[in-house]
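If you're wondering where the values come from, they're calculated on a predicted model, not measured in any experiment. Just so it is clear, the values below take in all heavy atoms, side chains as well, and ignore hydrogens, waters and symmetry mates.
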Amino acid sequence: MATNIPNWQLKSKRTSWEDKLKLAHFAWISHQCILPNKEQVLLDWARQSLVSFYKKKLELKEDIVERLWVYIDNVLRSKKLQRLLKDGKTVTLQVSLVKTHVGSVLSCCQAILSTPALAVTYTARQELLPAVLGGLPAARGAAVAQLFEVIHLALGRYLSVQQQQVNPRRAFGEVTGHLLQPCLAPALGGHVGAGRPGPAAAGAEPGLRSQLEAVLRGGVFQAELLPSYKEELLDQPPEDGKMGAMKNLLAPADTVIARLADAGYCEPPLRAAVVASSVALLYKLFLDAYLKEGTQLLCFQLLPRLFGCLRVARLREGSEPALSTSDWTAELLVVEQLLTSVAGNNIYNIAADRIRHGEAQFRFYRRVAELLVSHAQASVPAWFRCLRVLLSLNHLILEPDLDDLLASAWIDADVAESRTRKAQEALVHTLFQTYAKLRQVPRLFEEVLGVICRPAADALRPPVLAAGPASALRDCLLDLPLSQILDTWALVLEKFQAAVLPCLRGDVDMALKALSLSALLHCVLVHARCPDAGTPLPVVRRTRAAMERMLRELVQPLLGLLLAPPGPGPEPWLQKVSDAALLLAHAWAQVDAALSLNCSQYRAASSSGALVGETPECSRLPPLLPGVEARCWRKIAKVAARFDSVGRYCLEQLYLQKVKRTLVQTGSSPSEEALQTLRADAAYILGSGRDSLTRGTAAPWDGQVGTVSAGTYPVAHWHLVVSNLTILVPYLGPGDVRYLAGVLLRTLPRAPDGPAEEEEEEPQVTLGKISEAVLLSPVFPELPSLHAAFLTRLAEDCAGVLRAGARGDPGPLRQQLPWLFEEDPGTFAKAGPEGTEPRGDVARNLLSLVQGGFPIRLEEEPLGRLLGLLEVVSALQLDSLAAPRHARYFLLLLSAALASPGGSCAPSLALTFLTACYRLLGCLQRAKSARSVLKVMYASDLCEIVLTSLFGACRRLRVDGDVDGDAAPVAGVPPGGRDLPGAASADAGAGEAQPGAQLREDPRLPLGVRRVHGGGQGHPAGEQPPGPAAPAGVADRLVPRPGARRPGAEAAAEAPEALPGLLRQAVLRTGAVLQPWAARGPPPAALLAAVSTLLEADLGQHPGPGGGGTEPSQAPDGTRLSHPALYRSVYSQLLAELPALARDAPAFQAAARFLTLFLLAPELHPRGSLSSPPCFTLTVLADPAVPALAIEAIEPHLGALLAHLLEAGTTEDFRTVLQCVLRGLDLRNAWSADRPAILSALTLIKLLLDCPVSEKQASLFWRASPQIITALTLQNREACQEQPVALAVVEPVLDVLAALLRRGEEAIRNPHHVSLAFSILLAVPLDRLPPPEYGRVFPRVHSVLFTILQCHPKVMLKAVPSFLNCFHRLVLSVMREGRQKDKGGVEDLSGVLACARLVERMYSHLAARAEDFAVFSPFMVAQYVTEVQKVTLYPAVKGHLQEGIYLILDLCIEPDVQFLRAALPPGVRDGFKALHNDYVKYHRAKHEGERRYAV
């Protein structure tokens, strides 16, 4: 029965709110409730209740308010309301967003905006949008994401209305009046404009920002507003034809700036950040809208107005308080964006600005430059970048403030942070490059010298030439002509003489200035281009005059101050003066040496007369510096030795320069005087920094001479010594060499205990890096004395760790393990009656110690130290040790391996140590001096010692294996421990055992037999049978094969003893029969099969141990086979006839079988005599007479042969294979039309990919894969450019590429190499191929794409546009080939249908990756609809394509569909509507029905 609910019951004060909500809910859902205009009444009641509550006219509980919002949300989302609206019923709604109950309110707004009939609430009234945009600060957690969705919907609705707006004045007013400030407010400025989204908003930010930009672009920067901007900014009256609706819109720029400057739309703490980010955004949008040829001045005129909104612009007026560093960073980032926009868009033209516009732009940039220079912010990277942009615009902008700029940005700037240093380096580099191009470097240096010589607190100044500025200056100096170098040199000399030298005595500040000028002059002299024999004579004379002047007027006076210091004086003054003097002396000596070597005119002038002031010495050897006596240098050295600084380092450089000059002067046979001088100088260089290196603390050094300090001097000194080891070591005494080896070992970096530290941002020189470079250098072994001293010191350290771990009395241990206590390694390499200790005694001592408990016990700390020493040992070349040293290292490592770990050692550490010991022992046993160990102990004793120790170690480590009993410890034996006994036995066997004494089983044989010694029996004579098949068949029946059942198996089981003899007789008889046939010429297929069977039987006739067979005697040539000459003869014939056999698949199969068996008999081909593996395959593949079909037929047999070749070959053979591949893929083969070479290389790659290879071979192959892929790209490009297209190359390239990508799923690590596949696919022409060729090429392209999708998904995600572009070409080609033609039938339709099915399959794979391709689904649909409109497809082809695109439509959400309907052109839009209707009617309805009945 119907129920009538009067309206007063909902508004009655007597009815409780609980009952009202229940009543309203019942009234909405019940069909029996009759209420006039029920929907509107209920919505109005709920809305009015909330309005009364928020206006304080009604008091409600929080839960009631929440439930009212939920009620409205349920009503708006109900299907009932949707049906009513669809039927045309009108429902009006007014909802304002409030800042409480955010979740419920947003849900209501989302429901309204999702319904087109209700969305007019916001789109018709733009003043409601600010309420939505302003709700972001109240949103927290999940509500942020919901609010972003609401804003997306709201802006989307507004944009659709804005695009239909024809009145630009109205659109401008709506945006500036209602939306401009909310779009720029902290709600969106903080989340979008400033680029700092919260966690929930991170995914929505890019789309929201683009919508906001679209709103501003469509309202504030419309094309129709350009005349108004011109009128306002350029004072240009609008044209008569465009007055119309724009006549009242006079100042759009002022309107926007006024709204931006309004202080009431955001909180004061955030206002500055919002204004700053808004300025950059507005200027970017203005340029995007109006920048074109002829509007550069207009685009500039807005810049000063926007710049005036920033706080930094008001600093000049004094109306703005001082800014913090964070405020400066934010403001300067915006200034950088504005200036970069000017520079990147060519807005500033120097000539046009000066001639046409009265330097309007220049004056503005000057004001910005003055502001930046007067308010220096050396701690902010953006400050340096702003100055760099201004400098790139016009160097005259900064020219008036150049001295202040140099002071604040370089000389006085104390920059510590890495990013700031890089910005400073870029500015200084641009500064030098700019003035170098202007040929005004002396002008720049004049300003630099003036800044350095200013009165200042020089002690607080950083070094003038740190790494960054020094690098910039070096790059500049290389491009300067010598004339400017000499001008700069003269400037520095004049400044030094005029401003520094007169006041230098006793003045610390002047000493610091002298050091700065010296560092600058040193950099100029050392890194400038050196004159050579082609330099004009006047330039050489000027250079020589400058050298004389520098030595006479600068270097010698400074050195004189060191010889006669003014009283005791302060230490800093003496240090800085000595640093400056010796730095200049070092620079002079280095330049003089370079000029003497490179410039013959300078050398001739030097030999004709002494330098001014030079004092002749009695010795003919070169002095440290001309004009300074040796006794003076002793005083100078005493002064320099007091400080670990630049002076001490430069004095070492002077002595090194003297050593080099002496070597050049004396040649290969120096006199005794020269030798003594060389030894004394080398000893001084090494001893100068000895104290600093023993301290053990050193700071990283940047490599600049001027930055050497007390902390970095040890690194600089060690760098100098190590860089000149080849010069110094021959003249060092034994004690110095031992010291050098000790420092080298002590300073080597140790492996970190914790996680690896991050790499330094800037390259720094450290003691560890220098020593590690020496250890890994190929020059190190070429210094025998240092190398031997290092090995000795390393062995002493290892022995010292082991001695420290000894338990009990060391006396007996000294007798049992003397190599731990003696330093002479030769004692342990002697054996026999001359030796001090017979080799049996050493083994007995070791075995007794191992069996009774080894007396050396290593705890965690010494074990870790010894493990670090073992890492150093592993870095050395152990295969080149001399015999005595080899024996000592072997015994040391064996003692370390026998030592037991202490209780504090973790099992993992003990196992790592044990593995390292045995790995190094194995390396020693593979070295050239391995026999020296056998002079100390027998191989059998060594095996017993090692195995006894390993069993005990495994029991201690409690290694669990899969075997029981005593065999269990073997499972935990380290790899080196498994190899060592075998290596020792092999060495012993090579020296002591008789040939053939040991029989080994060969696991490579496909037969279940061992290799046997060939007998020496003669072949029985007999008449030749009609053919070779009969005796070969008998031998084949008798060859034992595991698992094979033959007709006579039961009889053979009954008489096992008769089979070996019968087999031997068959082999002999068959060989005698086949011998004449093999000598007749190229072997036919039957003969190859017979010889293969004979060889197989010959290899299998030797039974295993205990088999009851007799050992066959050897052949005369020492082999164990019966007919080696026959096998070698057939092998030599096959090498020449393989290409001919390739045309007959059975014959080639027989040949491949024979070659495989031939490889399994090493006695037939001694190691090194076998041809390299590619010889067989390449002779077949590269022969142009072998047709392609024949190659395809024999590929399986060729692959099997190649697999055996690679297994029998060496790593060098595999490298040869790879070289053949790369040689075949050389682009010159394509240019010379050598197609067989290219095809053979491609086939060889396919064979290699299918071959089982070792880990090392696989590593070599995948290391070469980038070169292979690049070569494939180039070959494919050349083949596709040919006319017609060389499909004979393109098809195998695609096959090889797909196989490479498939097999290299884990091996190809660089995404760029995978991305090269896209360029290959895009180059393949699919539009002009005949149908048969199209049917072959299309699946190959699809296979490559599918391989990338399946095997390299990460690369595909990073290159989705390229992937979709390649796939779209496939879709286009199917449409082109599957269109209904005017002429012809459907003969080729089957091939097109197969391609269409592949396209549908790819669509399904893309749809399965919804999270990756959902964003691109609308564009894929748009591409499909656009192209399908152009052709009429066969129904079958169209069906496959439609089924695939339906799967992509599954990924499209409703906004995507609406976007497609709005964005597609009119004709294409109709096609999309038809496609979408069919999709909804057939595909989606079908799948929804399936899901309804799915479990």
Side-chain angles (χ1 to χ4, degrees), residues 696 718 722 740-757 759 766-781 783 786-805 819-820 825 856-881 885-886 888-902 904-927 953 957 973-980 983:
W718 186 235
V722 164
L740 201 60
V743 174
L744 180 60
L745 180 60
R746 189 179 70 251
T747 55
L748 280 172
R750 297 288 186 256
D753 298 331
E757 297 179 358
E759 292 292 330
T766 62
L767 292 175
K769 289 181 180 179
I770 298 172
S771 299
E772 186 178 13
V774 175
L775 187 68
L776 302 178
S777 171
V779 180
F780 186 44
L783 301 171
L786 179 61
H787 193 254
F790 182 80
L791 291 172
T792 302
R793 180 59 183 269
L794 182 58
E796 290 174 1
D797 285 7
C798 293
V801 175
L802 292 174
R803 288 196 304 268
W819 51 86
L820 298 183
I856 296 178
R857 187 180 184 87
L858 298 176
E859 298 297 334
E860 182 176 6
E861 194 271 334
L863 187 69
R865 190 164 67 252
L866 188 56
L867 188 59
L869 293 173
L870 294 183
E871 291 178 0
V872 178
V873 174
S874 64
L876 298 171
Q877 298 181 9
L878 299 180
D879 55 347
S880 59
L881 294 180
R885 200 174 302 279
H886 182 103
R888 184 178 187 196
Y889 265 90
F890 187 90
L891 292 172
L892 279 174
L893 290 170
L894 184 60
S895 303
L898 299 179
S900 57
S904 62
C905 291
S908 59
L909 178 62
L911 188 58
T912 302
F913 175 75
L914 200 62
T915 304
C917 290
Y918 281 111
R919 178 173 54 82
L920 291 173
L921 285 169
C923 293
L924 286 174
Q925 282 306 97
R926 290 188 293 272
L957 296 174
V973 174
R978 298 174 190 172
D979 297 338
L980 179 63

Task: Those residues that, when tested against Glu860, pass side chain to side chain contact (heavy atoms under 4.5 Å, CB included) (two or more places apart) - done: Ser904, Cys905, Leu909
Task: CG on Leu748 to NZ on Lys769, rounded to 0.5 Å - done: 14.5 Å
Open item on the list: So which atom in Pro749 and which in Gly768 form the shortest heavy-atom distance, rounded to 0.1 Å?
Closed with: CD-O, 3.3 Å
TODO: Taking ring-ring contact (aromatic ring centres under 6.0 Å, His included) as the test, write out the residues that go with Phe780, two or more places apart.
DONE: His787, Phe790
Task: Step-by-step side chain to side chain contact (heavy atoms under 4.5 Å, CB included) determination, Val872 to Leu745 - done: CA-CA 8 Å; Val872 178; Leu745 180 60; 4.2 Å; yes
Open item on the list: Checking Ser771 against Arg746: is there a side-chain donor and acceptor pair closer than 3.5 Å?
Closed with: no
- [ ] Please name all residues satisfying side-chain hydrogen bond (donor to acceptor under 3.5 Å, both in side chains) with Ser900, sequence neighbours left out, ordered by chain then number.
- [x] none
Open item on the list: Using modelled atom types and a 3.5 Å cut-off, is there a donor and acceptor pairing between side-chain atoms of Ser874 and backbone atoms of Glu871?
Closed with: yes
Task: Interatomic distance, Leu924 atom CG to Arg926 atom CZ [nearest 0.5 angstrom] - done: 9.5 Å
TODO: Could I get the full list of side chain to side chain contact (heavy atoms under 4.5 Å, CB included) partners for Ala875, not counting sequence neighbours?
DONE: Leu775, Leu776
Open item on the list: Can you tell me how far apart CG (Leu881) and CZ (Arg888) are? Round to the nearest 0.5 Å.
Closed with: 12.5 Å
- [ ] Taking all non-hydrogen atoms of both residues into account, name the closest pair between Pro862 and Val801 and its distance.
- [x] O-CG1, 3.6 Å
Open item on the list: How long is the straight-line distance from CG of Leu920 back to CG of Leu892, given to the nearest 0.5 Å?
Closed with: 12.0 Å
TODO: Kindly compute the distance separating CZ (Arg793) from CG (Leu786), expressed to the nearest 0.5 Å.
DONE: 12.5 Å
Open item on the list: Would Leu820 and Leu891 count as a side chain to side chain contact (heavy atoms under 4.5 Å, CB included) here? Give the steps.
Closed with: CA-CA 9 Å; Leu820 298 183; Leu891 292 172; over 6 Å; no
TODO: Indicate yes or no: at least one non-hydrogen side-chain atom of Ile856 is less than 4.5 angstrom from one of Leu898.
DONE: no
TODO: Check whether any side-chain heavy atom of Leu866 lies under 4.5 Å from a side-chain heavy atom of Asp797, and answer yes or no.
DONE: no
Task: Partner residues of Glu859 under the salt bridge (Lys or Arg N to Asp or Glu O under 4.0 Å) criterion, sequence neighbours left out - done: Arg857
Open item on the list: For a 4.5 angstrom cut-off between non-hydrogen side-chain atoms, does Leu893 reach Leu870?
Closed with: yes
Task: Student check: side-chain heavy atoms of Ser895 and Trp819 closer than 4.5 Å - done: yes
TODO: Could you tell me the separation between the CH2 atom of Trp718 and the CG atom of Leu740, rounded to the nearest 0.5 Å?
DONE: 4.5 Å
Task: Nearest non-hydrogen partners of Leu791 and Tyr889, listed with the distance - done: O-OH, 2.6 Å
Task: Residues Val779, Val774; criterion side chain to side chain contact (heavy atoms under 4.5 Å, CB included); working and verdict - done: CA-CA 8 Å; Val779 180; Val774 175; over 6 Å; no
